[in-house]
A.B. asks: 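What follows is a structure written as structure tokens; I'll ask about it next.
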Number of protein chains: 2
Amino acid sequence: MATLLNRRDPGQGSASERSPLHDDVVDQLRQMIIRCELVPGERFTEQKLVEKFGVSRTPLREALKILASEGLVEMRPHRGSSVSPISIEEISETFAVLGTLEEMAGPLVCDRVSNVDIARLERIKDEMSSKRDATDRNSYFELNVAFHQSMIALSGNAVLSATYNQLFGKLQRARYLVNDDQNRWSESAREHSWIMEALRQRDGAELSKRLREHNSRTAQAVLDKLRG
Amino acid sequence: MATLLNRRDPGQGSASERSPLHDDVVDQLRQMIIRCELVPGERFTEQKLVEKFGVSRTPLREALKILASEGLVEMRPHRGSSVSPISIEEISETFAVLGTLEEMAGPLVCDRVSNVDIARLERIKDEMSSKRDATDRNSYFELNVAFHQSMIALSGNAVLSATYNQLFGKLQRARYLVNDDQNRWSESAREHSWIMEALRQRDGAELSKRLREHNSRTAQAVLDKLRG
DNA sequence: ACTGTCAATATTGAATGCAATCTATGTGTG
DNA sequence: CACACATAGATTGCATTCAATATTGACAGT
């Protein structure tokens with residue numbers, strides 16, 4: 001059996017908190033679900049997962065509970081767990097809420113953002129552009145997450161940020177499906193530049209507008225892909 | 001959010017859909033926390049809770065995990081669980097996000113609401129008014145939850161609704177503290193009537209505005225209470 | 001007397017075993 | 001031949017046990 005126990009690096013001399021076993025399982029399962037290595041709707045028995053991860057059922061079940069609370073897994077009493085199906089309706093609704101949250105964030109971000117923050121976002125954006133070849137799909141993907149979530153985090157509203165991240169996570173699978181579209185890819189890069197421009201000028205209203213535009217276009221691309 | 005789905009169905013004598021043990025624990029613990037019977041910040045050992053609820057540690061820990069994902073409980077590895085402290089900052093931020101979500105819901109609700117829906121909301125509102133004596137504080141409280149959550153549910157956006165409910169839940173404790181203020185109570189009743197009026201006229205923009213106003217006033221009252 | 005270290009105890013994290021429940025297969029009856 | 005029902009196997013839910021970690025208190029050294 002493959003026991004992949006990557007404990008969080010305790011190498012730092014500081015009193016590092018060792019992560020519980022189920023955290024590893026959560027991270028790995030989440031990635032597998034996001035990358036569609038586990039087919040949406042597929043039911044998995046606990047036995048199978050226990051063998052795959054080399055842990056006992058207790059931490060495994062805890063992991064499933066967490067993923068269920070994130071909406072990636074569905075658990076029905078006595079009937080086992082399954083990967084949540086991708087619902088076009090739900091994806092569409094999630095994009096709508098995300099758009100509203102980004103719009104809310106715009107002015108808040110512009111009020112608080114520092115030049116250092118902007119530089120950091122620029123770096124993420126540039127790195128994203130450099131990772132355009134198909135080999136680095138996953139890196140690009142992670143950088144896109146970092147870009148958007150870092151942006152919203154600058155609002156200073158931790159609840160807003162957490163809510164945003166949670167909903168963003170629910171879209172990851174769907175985004176992943178559309179992540180190989182080169183046209184959308186370069187279009188998205190341009191939009192990121194637009195967004196940064198509004199941010200540099202600290203124009204809250206304009207930032208809101210551009211974020212919403214970007215959100216809307218991304219939603220369109222993802223939904224088209226899902227339907228076609 | 002998914003916790004709202006698996007409700008125990010009391011009417012059916014058939015044991016076809018029995019709810020898991022931990023659901024009861026979650027419901028009871030949540031109420032105790034919301035009603036501040038468990039002091040914020042207080043740490044509880046699993047042993048104590050096991051004795052109190054008469055279940056074993058396994059379902060109890062599952063319950064704690066769920067409450068942790070709702071933000072009512074904090075769990076630190078090897079250091080036990082505690083009731084999340086009430087942070088004024090967090091309460092304030094949560095109100096802000098809720099206000100934005102209500103604003104988003106306004107037009108959606110007005111586009112879809114039926115006369116039957118309106119009648120149901122009216123009934124809730126009227127019942128709320130009838131429960132103004134201090135003996136029925138908890139009933140009033142529950143009805144207020146039902147009023148707001150039912151309203152947002154009418155948006156037809158399930159993700160919006162679930163997100164709203166989740167954030168609303170995080171505010172319950174703070175609301176409970178201010179729930180004995182007679183002035184705010186009658187003021188709130190008037191605002192509910194205003195809101196219903198905009199709804200009956202299907203004026204989405206106006207509904208948004210009044211929802212935000214109500215949200216803002218409630219936030220003010222709660223935060224004043226917390227600070228004073 | 002104060003502080004740092006170490007052992008004893010308490011408490012949580014994980015694993016295993018047992019009971020309850022669901023699902024699938026096969027049999028009998030209309 | 002279709003359908004209802006019963007039984008066996010599989011799977012989940014819960015309880016208990018074992019292991020790892022944190023906390024508390026005492027003791028020795030400065």
Side-chain angles (χ1 to χ4, degrees), chain A residues 1-29 38 41-69 72-84, chain B residues 2-3 5-9 12-29 38 41-69 72-84:
Chain A
M1 60 178 76
T3 16
L4 322 158
L5 299 177
N6 17 345
R7 290 291 167 95
R8 206 157 285 166
D9 184 12
Q12 302 293 351
S14 64
S16 60
E17 293 183 7
R18 188 161 341 191
S19 67
L21 255 187
H22 69 256
D23 278 0
D24 290 329
V25 178
V26 168
D27 290 342
Q28 292 188 40
L29 263 180
L38 293 172
E42 176 182 350
R43 173 182 168 191
F44 32 60
T45 70
E46 295 177 356
Q47 188 59 34
K48 283 269 175 59
L49 296 178
V50 159
E51 290 166 5
K52 184 189 282 282
F53 292 108
V55 299
S56 81
R57 283 180 57 216
T58 307
L60 175 70
R61 285 171 60 82
E62 290 177 348
L64 289 175
K65 280 254 171 10
I66 290 176
L67 290 171
S69 79
L72 292 178
V73 163
E74 285 183 353
M75 299 184 77
R76 299 179 59 191
H78 291 286
R79 250 169 259 183
S81 310
S82 54
V83 182
S84 296
Chain B
T3 56
L5 294 179
N6 316 352
R7 282 289 172 187
R8 169 195 292 278
D9 55 325
Q12 297 291 356
S14 70
S16 56
E17 278 270 349
R18 246 188 58 198
S19 71
L21 253 188
H22 69 256
D23 277 2
D24 290 331
V25 179
V26 167
D27 289 342
Q28 291 187 43
L29 263 180
L38 293 172
E42 176 183 348
R43 173 182 167 190
F44 33 61
T45 71
E46 296 176 357
Q47 189 58 35
K48 283 272 175 57
L49 295 177
V50 159
E51 291 166 4
K52 183 188 283 282
F53 292 109
V55 299
S56 83
R57 284 179 58 215
T58 306
L60 175 70
R61 285 171 60 84
E62 290 177 349
L64 289 176
K65 280 259 176 359
I66 290 175
L67 290 171
S69 79
L72 293 178
V73 164
E74 286 183 353
M75 299 185 77
R76 299 175 59 190
H78 290 286
R79 252 171 255 185
S81 310
S82 54
V83 183
S84 295

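So you know, we letter chains A, B, ... as the sequences are listed, proteins then strands, and number each from 1.
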A.B. asks: Rounded to the Å, how far apart are B/Leu21 CG and C/dT21 P?
C.D. replies: 11 Å
A.B. asks: Any heavy-atom pair between the side chains of A/Val26 and A/Leu67 that's under 4.5 Å?
C.D. replies: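 They are in contact (side-chain heavy atoms under 4.5 Å apart), so the answer is yes.
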A.B. asks: Quick one, A/Gln28 with A/Lys52, criterion side chain to side chain contact (heavy atoms under 4.5 Å, CB included). Give me CA distance, side-chain angles, the key distance, then yes/no.
C.D. replies: CA-CA 11 Å; A/Gln28 292 188 40; A/Lys52 184 189 282 282; over 6 Å; no
A.B. asks: Could you tell me whether a side-chain N or O of A/Ser84 sits under 3.5 Å from a main-chain N or O of A/Val73, the two making a donor and an acceptor?
C.D. replies: yes
A.B. asks: Take A/Leu29 and A/Leu38 through the test side chain to side chain contact (heavy atoms under 4.5 Å, CB included) and record every step on the way to the result.
C.D. replies: CA-CA 9 Å; A/Leu29 263 180; A/Leu38 293 172; 3.7 Å; yes
A.B. asks: How close or far is atom P of D/dA15 from atom CD of B/Glu51, stated in whole angstroms?
C.D. replies: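 Result: 14 Å.
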A.B. asks: D/dC14 C1' sits how many Å from B/His22 NE2, rounded?
C.D. replies: 12 Å
A.B. asks: What is the distance from atom CD of B/Glu74 to atom CG of B/Leu64, rounded to the nearest 0.5 Å?
C.D. replies: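 Those atoms lie 12.5 Å apart.
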A.B. asks: Whole angstrom is fine here: how far is it from NZ in B/Lys65 over to P in D/dG13?
C.D. replies: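 Computing the B/Lys65:NZ to D/dG13:P distance gives 16 Å.
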A.B. asks: Should B/Ser56 be listed as having a side-chain N or O under 4.0 Å from OP1 or OP2 of D/dA15?
C.D. replies: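 It does, given that an N or O in the side chain of B/Ser56 lies less than 4.0 Å from OP1 or OP2 of D/dA15.
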A.B. asks: Got A/Arg43 and A/Arg79 here, is their nearest side-chain heavy-atom distance under 4.5 Å?
C.D. replies: no
A.B. asks: Without decimals, in angstroms, what is the distance between B/Lys48 NZ and C/dT12 P?
C.D. replies: 10 Å
A.B. asks: For nucleotides 8-12 of chain D, print each protein N/O atom paired with a nucleotide N/O atom at under 3.5 Å, atom names and distance only.
C.D. replies:
| residue | atom | partner | partner atom | Å |
| --- | --- | --- | --- | --- |
| D/dT12 | OP1 | A/Glu46 | N | 3.3 |
| D/dT12 | OP2 | A/Glu46 | N | 3.3 |
| D/dT12 | O3' | A/His78 | N | 3.4 |

A.B. asks: Taking CE from B/Met75 and P from D/dA22, how many angstroms apart are they, rounded to a whole number?
C.D. replies: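 About 15 Å, once rounded to whole Å.
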